[in-house]
Q: 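Just passing along the structure, written as structure tokens.
Positions are given from 1, in the same order as the sequence printed here.
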Amino acid sequence: MAEQTTTAYAVIIVNYGDPSLVARNIGVDIDEDEDALVVLVDNFHSDAARADAEALCRERGWLFVTSPNDGFGAGVNRGVAAARAHGLSALITLNPDAIAPADVLRELGRHVTADPLALVSPFMNTGDGRPHFRGARVNRRTGQMRSGWSTDDDDPEWANWLSGACLAFSAQAFDALGGFSEDFFLYWEDVDISRRAAEQGMRLEIRPDLFVVHDEGGTQDAASDRTKSPTYYFYNIRNRMLFGRRHLRGKDWARWVLASPRQSALIWMRGGRKQAFTEPRGLLAAGRGMLAGAAQLVRRPQPSAPRRLEIAPPVPRQERAESGPLRITIAIPSYRRPEQLAALLAALPDRIAETPNAIVDVLVIDNDPEGSARSAVDATPLNLRYVQETTPGISAVRNRALDECRDSDLLAFLDDDEIPLAGWLSSLVEVWREHRASAVAGRVISIFYEDTDPWVIASGTFRRPQRPTGTYLPTAAAGNLLLDMAQIQHFGVRFEDSLGLSGGEDTLFTRQLVESGGTIVWCNESAAEDYVVASRLTREWATQRAFSAGNGWVHVNLRLAPSATRRLAVRSRFLVGGTARVTAGLARHHYGRVRQHLGHNARGMRTFHRGRGMLAGARGHLYEEYARS
């Protein structure tokens, strides 16, 4: 393994009963690692077991944390709190029956320190060298489990999850997720936190280059190697229903419930049919688990509103008196659209007047060497700044805006073909004041001509989803985006020059902002209308746009990959994903044509061309949609 920068990390072990298994499995190499802190959380079993656990921690120099026996998730949460009190933010759960070398744990800690929005597990083998964990998947419809891994995690039927037997995460991610759920007690809590992380835009990652030994079942009593304990059956069956109640609604929840008898039987069958006679306690526990799971039918689901992804502590900033005005710059990139720019500038005085306690100026950055925006600027009564950026491409223009506005408190981007609606700027500022986010994103509403081809609208090319105000985002477009300039300068993010003529520069910029520790919040009250020009309302443009979007997404991910190995993995992932989209999209398109279903027809073709763009990007081709002659 290559030499890596040292990273302090905590290993959190939740123990129940005799701690001798932990004593055997935690090696001397971990004790000798100055960057490691072993946190032993003792879920109470007996006075004797607790005394033994405390004595072990004194002997080995570990941190001892007492806990009532309220489950694995609660134990992890207590261990995390203790580790963080000692200043550690790279956190790794490790089962008592798992053996992990110090260099593997150190690399896991380094990974989540460098990428705080990732949850990471290593490969796991049994003690005799057989594969045990290579990633796992849960059926979104039934809850059935199987081994395997989807690189995109976008399979409509099977969803990835990581094992809590060895799971690394950052303190920031832990805060954003609210920790492990303590309702599961045992089993499924790692499935739950994996899916909650994925739903919030975090990444679930497997490290095939790292290996841990896990002889599953070392903490549970059973009559044979195959037979599971009554505890296993009860909580697996009960918690399957709890997971479904937490994550599913409507028809999906009903389908999950209907699958319960069969899935409960399959869980019990993991111990073999003979156990009905050799270990009848397991059958009784399975029945109790079904009854306990059935209680979820009469319980209300928890609210599904996203939690705040506060990925970093507040950035130090110069204090400003509450009565002092904000310095806000509205930056408008422009390229050869003087008529639309003039309409935008005409709407700005009202939007500025709606924004109290602020000094607002306007900056137009003209990317046309011939200065085509000058006529619109000269015609407006606004007091604005006009600059020309001769380097072609939107990235150069946006970076020029960052440079021109270094003394501003806030920078609001608007595209030159948009018209801001009432409350556009004031709503962005209000949400920023409430959350102090690094960026606040608002809506862009596409406006079409009356005779627009219905196929283009049905394709979803111009669909932009709405979200509740306050939703934290993993990325955002820059068409309607407010930036906190103190935080942007603190994190040192810039728009990628190489994407200036291809697009995707705003996606990469905001992804890098979040991964650096910033936050992006949605403001649904801020809206700007985008009057789509006729040249973009054609099927040819829609399919070209889909190709460009797929191609750009690949290149964004390639630029975020920290090493050649990870870039190779990204290319492989998109070769598979692109092929799948080409195949599925073409099939859906032809189905739509045969059934005369416009939505399937148009969206299938859009998926097909997005897949083509991914395949081209995975092979190294960068499509420059905005290339100039």
Side-chain angles (χ1 to χ4, degrees), residues 72 95 97-98 119-126 128-167 184 186-199 203-208 210-217 220 222 225-229 232-248 252-253 255-273 275 282 286 289-290 293 569 572-573 576-577 579-580 584:
F72 176 79
N95 267 21
D97 53 7
L119 274 64
V120 189
S121 280
F123 272 15
M124 299 184 209
N125 291 336
T126 61
D128 57 5
R130 289 178 289 114
H132 170 66
F133 180 81
R134 299 292 188 269
R137 308 175 79 186
V138 58
N139 190 290
R140 300 176 191 265
R141 299 183 176 91
T142 67
Q144 184 175 344
M145 298 292 188
R146 76 179 186 190
S147 298
W149 195 254
S150 169
T151 52
D152 290 325
D153 198 19
D154 59 357
D155 189 308
E157 186 173 1
W158 294 92
N160 291 340
W161 63 274
L162 296 171
S163 172
C166 187
L167 178 64
F184 289 89
L186 192 63
Y187 304 117
W188 282 82
E189 62 280 296
D190 45 6
V191 188
D192 171 71
I193 200 169
S194 295
R195 294 320 307 161
R196 286 191 286 123
E199 289 161 7
R203 286 171 295 286
L204 307 180
E205 299 190 14
I206 287 284
R207 288 290 300 268
L210 304 178
F211 284 88
V212 166
V213 173
H214 183 211
D215 281 316
E216 187 177 32
Q220 296 290 334
D225 289 341
R226 185 177 179 188
T227 302
K228 309 296 183 181
S229 70
Y232 176 94
Y233 294 129
F234 175 81
Y235 281 110
N236 262 289
I237 291 172
R238 176 247 194 197
N239 289 348
R240 175 193 163 276
M241 287 291 286
L242 177 57
F243 176 89
R245 180 73 287 183
R246 293 283 177 84
H247 291 265
L248 301 174
D252 293 332
W253 167 237
R255 182 167 50 198
W256 188 275
V257 172
L258 291 175
S260 293
R262 181 172 186 273
Q263 293 304 317
S264 298
L266 289 174
I267 291 171
W268 179 76
M269 283 295 296
R270 294 172 190 172
R273 289 187 177 90
Q275 66 179 320
M290 289 189 67
S572 300
R573 186 180 79 197
V576 174
T579 301

Q: Between Asp190 and Phe72, does the side-chain contact (heavy atoms from CB on, under 4.5 Å) criterion hold? Intermediate values first, please.
A: CA-CA 10 Å; Asp190 45 6; Phe72 176 79; 6.0 Å; no

Q: Between Ala98 and Val212, which heavy-atom pair has the shortest distance, and what is it?
A: CB-CG1, 4.2 Å

Q: Indicate the atoms forming the closest heavy-atom contact of Phe243 with Phe184, along with that distance.
A: N-CE2, 3.9 Å

Q: With a 3.5 Å cut-off and sequence neighbours excluded, list the donor-acceptor pairs that the side chains of residues 136-147 form with protein atoms.
A:
| from | atom 1 | to | atom 2 | distance (Å) |
| --- | --- | --- | --- | --- |
| Arg137 | NH2 | Asp155 | OD2 | 3.3 |
| Asn139 | OD1 | Arg141 | N | 2.8 |
| Asn139 | OD1 | Thr142 | N | 3.1 |
| Asn139 | ND2 | Glu157 | OE2 | 3.2 |
| Arg140 | NE | Asp155 | O | 2.8 |
| Arg140 | NH2 | Asp155 | O | 3.2 |
| Thr142 | OG1 | Gln144 | N | 3.2 |

Q: Find the distance between CE (Met241) and CH2 (Trp256) and round it off to the nearest 0.5 Å.
A: 9.5 Å

Q: Look up atom CG in Asn160 and atom CG in Asp153, then write down how far apart they are to the nearest 0.5 Å.
A: 4.0 Å

Q: Ignoring hydrogens and angles, state whether a donor on the side chain of Asp152 or Ser150 is under 3.5 Å from an acceptor on the partner side chain.
A: no

Q: Which atom names give the shortest non-hydrogen contact between Asn125 and Pro131, and what distance separates them?
A: OD1-CA, 3.5 Å

Q: Verify the distance criterion only: is there a donor paired with an acceptor across the side chains of His247 and Asp192 at less than 3.5 Å?
A: yes

Q: Is it true that Asn239 and Arg246 share a donor-acceptor pair across their side chains at a distance under 3.5 Å?
A: no

Q: With Trp161, which residues qualify under ring-ring contact (aromatic ring centres under 6.0 Å, His included), at least two apart?
A: none

Q: Run the side-chain contact (heavy atoms from CB on, under 4.5 Å) test on Ser121 and Arg207 for me, step by step, so that the C-alpha distance in whole Å, both residues' side-chain angles and the decisive distance to 0.1 Å come before the verdict.
A: CA-CA 6 Å; Ser121 280; Arg207 288 290 300 268; over 6 Å; no

Q: First locate atom CG of Leu204, then atom OG of Ser194, and finally report the distance between them rounded to the nearest 0.5 Å.
A: 5.5 Å

Q: Tell me the closest heavy-atom pair linking Pro122 and Cys166, and the distance in Å.
A: CD-O, 3.4 Å

Q: What is the ring orientation for Trp268 with Tyr233, classed by angle as parallel under 30°, tilted 30 to 60°, or perpendicular over 60°?
A: tilted

Q: Which value, rounded to the nearest 0.5 Å, describes the distance between Glu189 atom CD and Arg196 atom CZ?
A: 10.5 Å

Q: Parallel, tilted or perpendicular, judged at 30° and 60°: which one describes the rings of His132 and His214?
A: perpendicular

Q: Could you tell me whether the side chain of Asn236 and the main chain of Tyr232 form a donor-acceptor pair under 3.5 Å?
A: yes

Q: Taking the ring of Tyr235 and the ring of Tyr187, is the distance between their centroids below 6.0 Å?
A: no

Q: Yes or no on side-chain contact (heavy atoms from CB on, under 4.5 Å) for Met290 and Ser260, after CA distance, side-chain angles and deciding distance?
A: CA-CA 8 Å; Met290 289 189 67; Ser260 293; 5.6 Å; no

Q: Quick check with a 6.0 Å cut-off and a 45 degree axis cone: is Arg245 positioned over the face of Trp253's six-membered ring?
A: yes

Q: How far does CD1 of Ile206 sit from CZ of Arg134, to the nearest 0.5 angstrom?
A: 9.5 Å

Q: Can you list the steps and then say if Glu205 with Leu119 is a side-chain contact (heavy atoms from CB on, under 4.5 Å)?
A: CA-CA 6 Å; Glu205 299 190 14; Leu119 274 64; over 6 Å; no

Q: Any idea which heavy atoms bring Pro261 and Leu258 closest together, and the distance?
A: CD-O, 3.5 Å

Q: Does Arg262, at its CZ atom, have more than 12 non-hydrogen atoms belonging to other residues, nucleotides or ligands within less than 6.0 Å?
A: no

